[in-house]
Number of protein chains: 2
Amino acid sequence: MGEDTSYKSRKVITIGVVSELTGLSERQIRYYEERKLIFPERSERGNRKYSFSDVETLIEIANKREEGVRTYEIRQDMIKKNNLAKDEKLRNKMLRGQINARFGIQKNQ
Amino acid sequence: MGEDTSYKSRKVITIGVVSELTGLSERQIRYYEERKLIFPERSERGNRKYSFSDVETLIEIANKREEGVRTYEIRQDMIKKNNLAKDEKLRNKMLRGQINARFGIQKNQ
DNA sequence: CGTGTAAGGAATTCTGACACG
DNA sequence: CGTGTAAGGAATTCTGACACG
């Protein structure tokens, strides 16, 4: 949580390797970026770099596409899930605030 | 433990990215392979692919080299540590065997 | 021994575009 | 809309070698 240096989220994999890993063509991978489904970083020279997390997202996308789901719909679903996750976090945060207010600050739980 | 599909040990990073990540030149990275300090995999075409674990090993190597340690010595140290780890594993395994023999098979602990 | 570099070739990646449907 | 492909160029990677020390 919040660990942004984690192996899973480091953007270090080039598109060729991602293609091998996912079975998708480079064309497809670039297109899904165009449709705002994934957000690789760029090396200095401009080469795309992906994380393991991106690879997993791409595999999910591939599955949905096989079921005929449109990229637009996939994007809507991703946004929705993202918002739910954010709400959850906020709710937890407020709950912790309440608890702390009544019972004082405590380290973990 | 034994998780070989783990993000840390998957060989997916190309030498250029490893160079950025470690600050080492590609020449150095290839040389350390020649000296048996790291063991990248190869893509179909023959391009080297490294894991996060390899990257960490390379950073350790870089630190030792700065202290003037020779690649040969670094290699000896690595072999020694590796053997100690193996011994430890074997010892634990035998210990578990003893315990099971006396108290019967139990799932975890 | 450890590392830099120039060399030549092959594979990689990038972008913008045309194509099909 | 989603994906293939040919196009041209720029950067990447590879190997074997010469260089210095």
Side-chain angles (χ1 to χ4, degrees), chain A residues 10-52 54-80, chain B residues 10-52 54-80:
Chain A
R10 291 295 291 281
K11 308 263 187 178
V12 296
I13 315 178
T14 53
I15 196 165
V17 178
V18 172
S19 176
E20 287 176 25
L21 255 31
T22 60
L24 294 166
S25 69
E26 297 184 9
R27 179 70 169 95
Q28 290 174 306
I29 297 168
R30 292 196 191 99
Y31 182 65
Y32 299 151
E33 176 182 358
E34 191 183 320
R35 300 313 308 273
K36 305 267 171 71
L37 298 180
I38 36 169
F39 308 91
E41 288 181 0
R42 296 284 182 136
S43 70
E44 286 189 41
R45 213 280 287 179
N47 284 10
R48 274 167 263 251
K49 294 191 294 184
Y50 303 83
S51 65
F52 281 113
D54 291 329
V55 169
E56 290 177 10
T57 301
L58 282 167
I59 290 172
E60 285 176 33
I61 292 170
N63 290 147
K64 296 232 183 136
R65 282 294 303 132
E66 274 182 23
E67 294 169 24
V69 185
R70 306 298 207 70
T71 58
Y72 177 78
E73 303 170 303
I74 296 175
R75 181 158 147 72
Q76 294 308 311
D77 285 357
M78 288 177 61
I79 292 171
K80 201 176 297 174
Chain B
R10 291 296 292 279
K11 308 264 187 176
V12 298
I13 316 178
T14 53
I15 196 166
V17 179
V18 172
S19 176
E20 286 176 26
L21 256 30
T22 59
L24 294 166
S25 70
E26 298 184 9
R27 179 68 169 99
Q28 289 174 308
I29 297 168
R30 293 196 191 99
Y31 181 66
Y32 298 151
E33 176 182 359
E34 192 183 320
R35 300 313 309 272
K36 305 269 172 71
L37 298 180
I38 35 168
F39 307 92
E41 288 181 0
R42 295 283 183 138
S43 70
E44 287 188 41
R45 214 278 290 180
N47 284 10
R48 274 168 265 250
K49 294 190 296 184
Y50 303 83
S51 65
F52 281 113
D54 292 330
V55 169
E56 288 176 11
T57 301
L58 281 167
I59 290 171
E60 284 176 34
I61 293 170
N63 290 146
K64 296 232 183 136
R65 283 294 303 132
E66 271 182 26
E67 294 168 25
V69 185
R70 306 297 207 71
T71 58
Y72 177 78
E73 302 170 302
I74 296 175
R75 181 159 147 70
Q76 295 307 312
D77 284 358
M78 288 176 61
I79 291 172
K80 200 175 297 173

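Only this structure's heavy atoms are used, side chains among them; waters, hydrogens and symmetry mates stay out. Keep in mind that this is a model prediction, so the values were computed, not measured. First the proteins, then the strands, lettered A, B, ... as listed; each starts at 1.
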What's the [atom1]-[atom2] distance between [X] and [N], to the nearest Å?
X      : N       : atom1 : atom2 : result
I29(A) : dC14(C) : CD1   : P     : 10 Å
K49(B) : dA11(C) : NZ    : P     : 16 Å
E33(B) : dC14(D) : CD    : P     : 9 Å
Y31(A) : dA19(C) : OH    : P     : 18 Å
E44(B) : dA11(C) : CD    : C1'   : 12 Å
R45(A) : dT13(D) : CZ    : P     : 10 Å
Y50(A) : dT12(C) : OH    : P     : 15 Å
E67(B) : dG2(C)  : CD    : P     : 15 Å

Minimum-distance nucleotide to [X] side chain [options: [options]]:
X      : options                   : answer
R35(B) : dT15(C), dG2(C), dC14(D)  : dG2(C)
Q28(B) : dA10(C), dT3(C), dC14(C)  : dT3(C)
R30(A) : dT15(D), dA10(C), dT15(C) : dT15(C)
R65(A) : dG2(D), dT3(C), dT13(D)   : dG2(D)
N47(B) : dT13(D), dT13(C), dG4(C)  : dT13(D)
R48(B) : dG4(C), dG2(D), dC14(D)   : dC14(D)

Is E26(B) paired with R30(B) through a side-chain N to carboxylate O contact shorter than 4.0 Å?
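Between E26(B) and R30(B) there is a salt bridge, with a charged N closer than 4.0 Å to a carboxylate O.
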Is the shortest side-chain N/O distance from Y32(A) to OP1 or OP2 of dT3(D) below 4.0 Å?
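Looking at the OP1 and OP2 atoms of dT3(D), one of them is under 4.0 Å from a side-chain N or O of Y32(A).
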So, is R42(B) near the phosphate of dT15(D), with a side-chain N or O under 4.0 Å from OP1 or OP2?
yes
Here's a test of your reading of the structure: between V69(A) and T14(A), which maps to the more 5' nucleotide of DNA chain D?
V69(A)
For a quick test of reading the model, state the closest non-hydrogen atom pair linking [X] to [Y] and the distance between them.
X      : Y      : answer
M78(A) : L37(A) : CE-O, 3.4 Å
F39(A) : K36(A) : CZ-O, 3.3 Å
L24(B) : L58(B) : CD1-O, 3.9 Å

Please report the interatomic distance NZ(K49(B)) to CD1(I13(A)), rounded to the nearest 0.5 Å.
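Spacing of NZ (K49(B)) from CD1 (I13(A)) equals 10.0 Å.
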Name the pairing partner of dT5(D), where a pair is Watson-Crick or G-U wobble with both distances under 3.5 Å, or state none.
dA17(C)
If we call it a pair only when both distances are under 3.5 Å in a Watson-Crick or G-U wobble match, what pairs with dA11(C)?
none
S51(A) and D54(A) side chains, donor-acceptor separation under 3.5 Å
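Result is yes, a qualifying pair exists.
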Closest-nucleotide mapping onto DNA chain C: is S43(B) or E26(B) further toward the 5' terminus? I mean the 5' end.
E26(B)
Under 3.5 Å donor-acceptor pair, R27(B) side-chain atoms to dT5(C) base atoms:
yes
